Engineer: 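Pasting in a structure now, in structure tokens, and then I'll have a few things to ask.
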Amino acid sequence: MKKIAMRLGKFWIGAAAVGCMALTQGCSSEGAPKEARTAVTATAVADSGAVQKKDSVAAVKDSVAAKPAADSAAAAKETAFVVKDEAASKPGAILPHKRIVAYYGNPLSKRMGILGELPPAQMLAKLDEEVKAWNTADPATPVQPALHVIVVTAQGKPGSGGKYRLRMSDHVADSVISWAKQRDAIVFLDIQIGQSTLEEEIPRLEKWLKLPQVHLGIDPEFAMKNGAVPGRRVGTLDAKEINYATGFLNDLAQRYNIPPKILVVHRFTQRMVTNYKQIELRPNVQIVIHMDGWGDRVLKKSTYNSYIKREPVQYTGFKLFYYNDTKKKGWKLYSPEGILALNPKPLYIQYQ
């Protein structure tokens with residue numbers, strides 16, 4: 001695989017090129033290599049390339065080929081989803097009263113997502129356009145704008161801590177939180193733990209998570225077990241690990257007397273989340289299982305139906321890639337109206 005090195009400030013980064021569902025969530029820039037995702041480094045970010053995504057898309061194609069008729073027949077009989085959520089009735093709860101529309105990425109990288117691809121003022125102006133489009137498409141559900149920033153990034157090498165992850169400096173989170181205030185937006189801090197653990201990474205974020213407008217995202221793709229290296233295979237998180245995250249957030253909400261917290265869990269394969277029925281619901285936490293795959297619309301819909309809809313927890317999310325969802329001839333970005341035709345209707349929309 002091609003090796004890519006990048007220097008940002010005093011940091012040199014070397015990262016193996018792995019797939020666009022591989023080493024960090026990043027194929028957003030049109031300047032990115034074909035099939036490229038990105039890996040972040042010290043205060044910085046390095047490119048990565050294309051392996052796992054092909055497997056992911058192939059799996060989705062198999063799913064589509066196997067039962068398109070069954071999916072169509074089932075869709076005709078579907079009834080409304082019933083979500084059990086004690087937190088929804090509490091003051092300040094966002095879901096299901098609003099739909100979250102988020103911009104994702106890292107401000108140190110132009111290739112990890114729209115959040116860092118444009119200067120802050122231009123990025124926020126573009127987010128305004130998406131918010132307007134969603135408010136027009138579904139005026140009954142007001143939009144809550146959001147910025148979703150990666151603050152712990154998976155790495156292709158062990159690094160000084162030996163955990164195959166890199167913690168961003170405080171400046172990254174502080175900057176994004178300050179930008180969000182300009183739009184009354186909420187913020188998600190996203191973590192890719194590598195060979196670390198949620199128990200090691202989440203507590204250090206408490207100074208931000210205790211703020212009422214700051215929430216959490218966790219990415220099982222980069223949660224590596226048994227010595228695996230990020231980007232060489234898709235990682236996984238079990239219900240008991242997710243329960244640690246929701247328990248931490250629930251305790252924060254109680255201790256600081258703040259509105260319910262939201263936890264976003266990325267997913268695009270079966271094994272990324274195990275024992276989903278054992279995920280515990282908390283009175284002060286709202287859980288979003290987020291469809292994190294790229295490709296043409298039929299593939300994305302199949303992934304959503306296969307891994308999000310069929311294993312529901314509470315609320316659902318749907319990711320849109322400005323670059324990778326349109327990179328091949330005939331591919332088009334899902335419109336808000338197209339996503340609103342899904343059942344259940346996603347209440348968390350992320351653009352990368």
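Here the structure is a predicted model, which is why all the values come from computation and not from measurement.
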Engineer: Does any pair with a residue in residues 257-269 pass salt bridge (charged side-chain N to carboxylate O under 4.0 Å, His left out), and if so which ones, sequence neighbours excluded?
Structural biologist: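 Qualifying pairs, neighbours excluded: R267-E311.
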Engineer: According to the ring-ring contact (aromatic ring centres under 6.0 Å, His included) rule, which pairs have a member within residues 185-212, sequence neighbours left out?
Structural biologist: H148-F188, F188-H215, F188-Y348
Engineer: Which atom pairs, one a donor and one an acceptor, fall under 3.5 Å between side chains of residues 118-128 and the rest of the protein, sequence neighbours left out?
Structural biologist:
from	atom 1	to	atom 2	distance (Å)
D128	OD1	R183	NE	2.9
D128	OD2	R183	NE	3.1
D128	OD2	R183	NH2	3.1

Engineer: Nearest 0.5 Å, what's the CG-CG distance between L249 and L263?
Structural biologist: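 Between L249 CG and L263 CG, I get 6.0 Å after rounding to 0.5 Å.
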Engineer: Over all heavy atoms of both residues, which pair between E241 and L198 is shortest? Give the atoms and the distance, please.
Structural biologist: O-CD1, 3.3 Å
Engineer: Please check this pair: side chain of S306 against backbone of T303, looking for a donor-acceptor N/O pair closer than 3.5 Å.
Structural biologist: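 Not confirmed, S306 side chain does not pair with T303 backbone.
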Engineer: For V152 versus R204, what's the shortest heavy-atom pair and its separation?
Structural biologist: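 Shortest heavy-atom separation between V152 and R204 comes out as CG2-NH1, 4.0 Å.
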Engineer: Please check if the distance between the ring centroids of Y307 and F268 is under 6.0 Å.
Structural biologist: no
Engineer: Side chain of H266, backbone of G217: donor and acceptor closer than 3.5 Å?
Structural biologist: no
Engineer: So, taking the atom named CD in E280 and the one named CG in N250, what distance separates them when rounded to the nearest 0.5 Å?
Structural biologist: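 Answer rounded to 0.5 Å: 10.5 Å.
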Engineer: Between atom CD of Q195 and atom NZ of K225, what is the distance when rounded to the nearest 0.5 Å?
Structural biologist: 10.5 Å
Engineer: Step through the shown structure and confirm whether more than 12 heavy atoms of other residues, nucleotides or ligands are within 6.0 Å of NE2 on H171.
Structural biologist: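 Atom NE2 in H171 is not crowded, with 12 or fewer foreign heavy atoms closer than 6.0 Å.
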Engineer: Looking at residues at least two apart in the chain, or sitting in another chain, which of them share a ring-ring contact (aromatic ring centres under 6.0 Å, His included) with F318?
Structural biologist: Y304, Y334
Engineer: According to a hydrophobic-cluster definition based on side-chain heavy atoms being under 4.5 Å apart (Ile, Leu, Val, Met, Phe, Trp, Tyr only), do Y276 and V264 belong together?
Structural biologist: no
Engineer: Working to the nearest 0.5 angstrom, can you tell me the gap between S175 OG and L147 CG?
Structural biologist: 11.5 Å
Engineer: Can you name the closest pair of heavy atoms from S196 and E201 and give their distance?
Structural biologist: OG-OE2, 2.6 Å
Engineer: D174: what forms a salt bridge (Lys or Arg N to Asp or Glu O under 4.0 Å) with it, not counting sequence neighbours?
Structural biologist: none
Engineer: Is the shortest side-chain heavy-atom distance between I150 and Y104 below 4.5 Å?
Structural biologist: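 SC-SC contact between I150 and Y104 confirmed.
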Engineer: Yes or no on side chain to side chain contact (heavy atoms under 4.5 Å, CB included) for L209 and F248, after CA distance, side-chain angles and deciding distance?
Structural biologist: CA-CA 10 Å; L209 291 173; F248 186 92; 4.3 Å; yes
Engineer: When rounded to the nearest 0.5 angstrom, what is the spacing between CD1 in I186 and CD1 in I94?
Structural biologist: 4.0 Å
Engineer: With a 4.5 Å limit on heavy-atom distance, are the side chains of L95 and I100 in contact?
Structural biologist: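 The answer is yes; the side chains approach within 4.5 Å.
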Engineer: Please verify the inter-ring angle class for W294 with W331; under 30° counts as parallel, over 60° as perpendicular, anything in between as tilted.
Structural biologist: tilted
Engineer: Do N243 and I279 come within less than 4.5 Å of each other through their side chains, counting heavy atoms only?
Structural biologist: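 A side-chain contact under 4.5 Å exists here.
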Engineer: Is the closest side-chain heavy-atom distance between E86 and L281 below 4.5 Å?
Structural biologist: no
Engineer: Got P220 and V265 here, is their nearest side-chain heavy-atom distance under 4.5 Å?
Structural biologist: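 P220 vs V265: side chains touch.
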Engineer: Consider only side-chain heavy atoms of I, L, V, M, F, W and Y, link residues closer than 4.5 Å, and tell whether I289 and L347 are in one cluster.
Structural biologist: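 Unlinked, I289 and L347 end up in two clusters.
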Engineer: Taking atom types as modelled, is there a side-chain donor on S109 or N106 under 3.5 Å from an acceptor on the other?
Structural biologist: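 No donor-acceptor contact under 3.5 Å links the two side chains.
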Engineer: Hydrophobic clusters here meaning ILVMFWY residues chained together by side-chain heavy-atom distances under 4.5 Å, can you tell me if M168 and L189 are in one?
Structural biologist: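 As far as the 4.5 Å side-chain criterion goes, L189 and M168 are connected within one cluster.
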Engineer: Using side-chain heavy atoms (C-beta onward) and a distance below 4.5 Å, is D85 in contact with Y315?
Structural biologist: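 Yes, side chains in contact.
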Engineer: Indicate if L205 and V214 have the same hydrophobic cluster label, given that clusters are the connected sets of ILVMFWY residues with side-chain heavy-atom separations under 4.5 angstrom.
Structural biologist: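 L205 and V214: one cluster.
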Engineer: As a test of understanding, state which of K132, K345, R99, K98 forms a salt bridge (Lys or Arg N to Asp or Glu O under 4.0 Å) with D138.
Structural biologist: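 One option only clears the test, and that one is R99.
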Engineer: So, K300 side chain and K319 main chain: donor-acceptor pair closer than 3.5 Å or not?
Structural biologist: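 Looks like yes, one N/O pair under 3.5 Å.
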Engineer: Ion pair present between D170 and K207, side-chain N to carboxylate O less than 4.0 angstrom?
Structural biologist: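 Yes.
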Engineer: Check whether any side-chain heavy atom of T141 lies under 4.5 Å from a side-chain heavy atom of W134, and answer yes or no.
Structural biologist: no
Engineer: Answer whether the closest heavy-atom distance between the side chains of I193 and L237 falls below 4.5 Å.
Structural biologist: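 I193 reaches L237 side chain to side chain.
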Engineer: Indicate the atoms forming the closest heavy-atom contact of L211 with I177, along with that distance.
Structural biologist: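 Shortest heavy-atom separation between L211 and I177 comes out as CD1-CD1, 4.4 Å.
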Engineer: Short question: side chain of Q144, backbone of D184 - any donor-acceptor pair under 3.5 Å?
Structural biologist: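 A pair under 3.5 Å: yes.
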Engineer: Can you name the closest pair of heavy atoms from Y164 and G156 and give their distance?
Structural biologist: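 Distance-wise, the nearest heavy atoms are CE2-O, 3.7 Å.
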Engineer: Give a yes or no on whether V288 and I349 share a hydrophobic cluster (residues Ile, Leu, Val, Met, Phe, Trp, Tyr; joining criterion: side-chain heavy atoms under 4.5 Å apart).
Structural biologist: no
Engineer: Looking at every non-hydrogen atom in both residues, tell me the closest pair between L320 and D325 and how far apart they are.
Structural biologist: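 For L320 versus D325, the nearest heavy atoms are CA-OD2, 3.6 Å.
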Engineer: What is the distance from atom OG1 of T153 to atom CZ of R167, rounded to the nearest 0.5 Å?
Structural biologist: 11.5 Å
Engineer: Using atom types as modelled, flag every donor-acceptor pair under 3.5 Å from a side chain in residues 253-260 to any protein atom, sequence neighbours excluded.
Structural biologist:
from	atom 1	to	atom 2	distance (Å)
R255	NH1	E206	OE2	2.7
Y256	OH	E206	OE2	2.8

